Amino acid sequence: MTFNSDNYIEYELEISRAEASPVRVLQDATGAARCGVGSTVWDAGLVMAKYLDHQAQSGELDLTGKTVLELGAGTGIVGISLARLQPKCTVILTDKAELVPLLKHNVGMNTCENAIAEALDWCDSGEQQLSGRWSEARPDVILVSDGIWASELHKPLADTLSRLAGEHTRVVIGYETRKFDEEAKFVALWSQAFRFRDIKPGEQHPVMQSEDIYLFEGTKKIGR
Ligand SMILES: C[S@@+](CC[C@H](N)C(=O)[O-])C[C@H]1O[C@@H](n2cnc3c(N)ncnc32)[C@H](O)[C@@H]1O
């Protein structure tokens with residue numbers, strides 16, 4: 001899949017790490033690139049990126065030496081922000097193969113050597129696609145922003161989370177609510193293998209939050 005940057009425009013997100021320039025990503029705001037929903041920045045991604053920024057600023061997030069896996073990364077706005085905020089962690093941004101050229105380009109725009117982009121399709125086996133990387137070592141954190149908008153993806157995503165998370169993996173999921181009943185079905189499915197809690201507005205970034213956007217964090221139930 002080739003990547004033609006002529007079809008894309010730049011999006012900037014301020015991060016609060018001292019002396020840091022804004023995170024910059026290209027996105028397809030016109031649809032001309034025909035690369036699917038992942039080629040634009042979604043609001044839930046902004047809320048999640050700023051929540052992680054807020055946590056890092058308040059000293060509640062130290063990912064030194066840790067590995068973070070992002071699923072359905074799209075433009076990479078969340079994972080790249082985190083890689084910039086926490087330069088001593090490794091962030092693996094994943095999406096369907098057609099998004100990987102954009103992800104790689106956006107990682108390069110931010111010169112963050114601690115971030116890489118790879119293909120991982122929830123509808124295939126995650127372990128095989130990531131070269132067996134997670135068969136022993138599990139990611140410390142898994143991020144998913146706005147990954148449940150389509151109900152046919154609920155089971156593949158829940159299965160991928162179950163397959164890739166270990167007992168100690170912190171999974172952070174965020175989404176904008178559009179069809180409450182459908183989203184509740186994903187949450188019910190996820191809760192079969194994970195215990196989780198909602199991240200309250202008071203814990204989120206004081207400005208970049210929305211009553212339509214929910215954040216949850218969870219860990220796998222032992223033995224699942
Ligand atoms: C609504 S977009 C959100 C993008 C990004 N996380 C954000 O918040 O800006 C959903 C993302 O899920 C990805 N996705 C959809 N189906 C997928 C699949 N089967 N495997 C992996 N990623 C998938 C899309 O390519 C897209 O990047």
Side-chain angles (χ1 to χ4, degrees), residues 1-5 7-11 13 23-49 52 67-84 89-110 112-134 138-165 169 171-176 186 190 215:
M1 178 69 64
T2 54
F3 172 70
N4 178 0
S5 60
N7 291 327
Y8 291 83
I9 60 167
E10 195 170 313
Y11 183 90
L13 181 67
V23 171
R24 296 162 57 224
V25 294
L26 290 187
Q27 66 166 341
D28 174 19
T30 64
R34 301 192 184 285
C35 226
V37 294
S39 54
T40 51
V41 173
W42 289 65
D43 288 348
L46 298 176
V47 169
M48 187 181 288
L52 296 169
T67 302
V68 178
L69 175 65
E70 184 176 9
L71 304 178
T75 61
I77 191 74
V78 180
I80 292 170
S81 299
L82 185 60
R84 294 276 313 278
C89 73
T90 301
V91 180
I92 303 170
L93 302 109
T94 70
D95 208 300
K96 295 195 291 186
E98 59 261 38
L99 265 305
V100 172
L102 174 62
L103 275 174
K104 287 191 168 164
H105 181 89
N106 286 343
V107 166
M109 274 177 76
N110 289 275
C112 38
E113 288 166 6
N114 57 328
I116 57 170
E118 294 190 11
L120 193 161
D121 190 324
W122 313 331
C123 299
D124 293 337
S125 159
E127 276 125 327
Q128 279 170 22
Q129 291 175 84
L130 286 168
S131 332
R133 190 200 300 272
W134 309 112
R138 298 288 168 181
D140 297 289
V141 178
I142 298 180
L143 305 173
V144 193
S145 77
D146 234 331
I148 66 163
W149 85 104
S151 55
E152 66 274 16
L153 292 173
H154 290 181
K155 180 144 182 13
L157 176 59
D159 288 348
T160 301
L161 288 169
S162 294
R163 203 164 50 234
L164 297 178
T169 304
V171 177
V172 182
I173 293 184
Y175 62 86
E176 181 170 349
F186 171 79
W190 188 42
L215 297 180

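This structure is a prediction, so every number in the text was calculated from the model and none was measured.
Residues Arg84 and Asn110 share a closest heavy-atom pair of NH1-OD1, 3.2 Å. Gly74 and Leu99 make their closest contact through O-CD1, 4.0 Å (heavy atoms, listed as atom of the first residue, atom of the second, distance). Annotation for Glu70 and Thr94: closest pair O-OG1, 2.6 Å, computed over non-hydrogen atoms. Across Val78 and Met48, no two heavy atoms sit closer than the pair CG1-SD, 3.9 Å. The two residues Thr75 and Leu103 make their nearest non-hydrogen contact at C-CD2, 3.7 Å. Of all heavy-atom pairs between Ala115 and Leu93, the closest is CB-CD1, 3.9 Å.
Using a 4.5 Å cut-off on side-chain heavy atoms (C-beta onward), Thr40 and Tyr11 make no contact. No side-chain heavy atom of Asp95 sits under 4.5 Å from any side-chain heavy atom of Leu102. Annotation: side chain of Tyr8 is not in contact with side chain of Asn106 (no heavy-atom distance under 4.5 Å). In this structure, the side chains of Ile173 and Phe186 come closer than 4.5 Å at one or more pairs of heavy atoms. Between Ile80 and Leu13, the closest side-chain pair of non-hydrogen atoms is not below 4.5 Å. Side chains of Leu143 and Val91 form no contact here, defined as non-hydrogen atoms less than 4.5 Å apart. Side-chain contact check for Val23 versus Ile77: some heavy-atom pair is nearer than 4.5 Å. Looking at Val100 and Glu118, their side chains never come closer than 4.5 Å, going by heavy atoms from C-beta outward.
Every residue two or more places apart in sequence or in another chain that forms a side-chain contact (heavy atoms from CB on, under 4.5 Å) with Ile9 is listed here: Gln27, Ala29. His105 pairs by the side-chain contact (heavy atoms from CB on, under 4.5 Å) definition with Phe3, Leu26, Met109, not counting sequence neighbours. Every residue meeting the side-chain contact (heavy atoms from CB on, under 4.5 Å) condition with Ala44, not counting sequence neighbours, appears here in chain and number order: Asp146, Ile213.
Between the side chain of Trp122 and the main chain of Leu71, no donor-acceptor pair closer than 3.5 Å is present. Asp140 places a side-chain N or O within 3.5 Å of a backbone atom of Thr67 that can act as its donor or acceptor partner.
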Exercise for review: Might you work through the side chain to side chain contact (heavy atoms under 4.5 Å, CB included) test for Val144 and Leu161, ending with a clear yes or no?
Suggested key: CA-CA 10 Å; Val144 193; Leu161 288 169; 4.1 Å; yes
